[in-house]
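So the structure is just underneath, and the comments pick up after that.
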Amino acid sequence: MATDTKAEKNPHHQHGLIADLERTQLKRLEALSIIEATTLVLLVFIAVPLRHLWGWPYGSKLMGPIHGIAFLAYIWTAIQTVAGGGWHQREVVRLLLVAFVPFGGYANIRWLRERARTIAEIKQA
């Protein structure tokens with residue numbers, strides 16, 4: 001049939017496409033992890049002290065919404081990533097909990113890169 005695609009003819013090609021998509025999603029999650037962690041650190045360690053210790057509320061008025069958007073984008077991307085399957089429950093909990101801990105998102109970087117590397121190795125095998 002003329003509508004047959006390369007993926008339909010070769011199931012290993014389809015697995016390769018899925019692996020590529022998951023690696024792309026992991027890179028997106030890594031970037032958002034850095035952004036979310038950075039905005040949380042700026043909010044907690046700079047903006048909030050400026051507000052409460054020196055009476056300057058503008059930092060938290062600016063950083064609060066920015067961090068809120070970064071947090072929601074991170075959570076949404078984490079949910080999209082784990083929806084693909086193959087994640088243990090403790091890994092999912094870890095992805096979600098680090099968003100609440102200052103510097104927690106930075107701890108995810110090496111872990112997410114290792115997972116992407118594992119996927120690349122499986123694809124090559």
For residues 86-93, run the donor-acceptor check on the side chains, cut-off 3.5 Å, and write out each pair with its distance to 0.1 Å, sequence neighbours left out.
unit_1, atom_1, unit_2, atom_2, d
Glu91, OE1, His88, N, 2.9
Glu91, OE1, Arg115, NH1, 3.4
Glu91, OE2, Arg115, NH1, 3.4

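- Put simply, CZ on Phe100 and CD on Glu36 are 8.5 Å apart, with the number rounded to the nearest 0.5 Å.
- In this structure, Leu40 is not a member of the same hydrophobic cluster as Leu42, with clusters built from ILVMFWY side-chain heavy atoms closer than 4.5 Å.
- Every residue two or more places apart in sequence or in another chain was checked for a side chain to side chain contact (heavy atoms under 4.5 Å, CB included) with Pro65, and none qualifies.
- There is no path of hydrophobic side-chain contacts, each under 4.5 Å, that joins Ile109 to Val82.
- Looking only at side-chain heavy atoms (C-beta outward), Leu112 and Leu95 come within less than 4.5 Å of each other.
- Nearest heavy atoms, Ser60 versus Ala47: N-CB, 3.5 Å.
- Judged as a side chain to side chain contact (heavy atoms under 4.5 Å, CB included), and not counting sequence neighbours, the contacts of Ile79 are Ile75.
- Sorted by first and then second residue, the ring pair (Phe, Tyr, Trp, His ring centres under 6.0 Å) pairs involving residues 27-62 (not counting sequence neighbours) are Phe45-Phe103, Trp56-Tyr58.
- Taken together through direct or relayed side-chain contacts under 4.5 Å among Ile, Leu, Val, Met, Phe, Trp and Tyr, Val98 and Phe71 form part of one hydrophobic cluster.
- Listed here is the closest heavy atom pair of Ala73 and Leu32: O-CD1, 3.7 Å.
- Between the side chain of Tyr74 and the main chain of Ile35, no donor-acceptor pair closer than 3.5 Å is present.
- Under a hydrophobic clustering in which Ile, Leu, Val, Met, Phe, Trp and Tyr are joined whenever their side-chain heavy atoms come within less than 4.5 Å, directly or via other members, Trp111 and Leu96 fall into the same cluster.
- Applying the side chain to side chain contact (heavy atoms under 4.5 Å, CB included) test to Gln25 and every residue at least two apart in sequence or in another chain returns Arg28, Thr77, Gln80, Thr81.
- Looking only at side-chain heavy atoms (C-beta outward), Lys27 and Arg113 stay at 4.5 Å or farther from each other.
- In this structure, Arg23 and Ile119 approach most closely via the heavy-atom pair CG-CG2, 3.8 Å.
- Formation of a donor-acceptor pair under 3.5 Å by the Ser33 side chain with backbone atoms of Leu29 is not found in this model.
- Side chains of Asn108 and Arg94 form a contact here, defined as non-hydrogen atoms less than 4.5 Å apart.
- Residues Leu50 and Ile66 are members of one and the same hydrophobic cluster, defined by side-chain heavy-atom contacts under 4.5 angstrom among Ile, Leu, Val, Met, Phe, Trp and Tyr.
- By the side chain to side chain contact (heavy atoms under 4.5 Å, CB included) test, Glu114 is found to be paired with Arg117, Thr118, residues two or more places apart in sequence or in another chain being considered.
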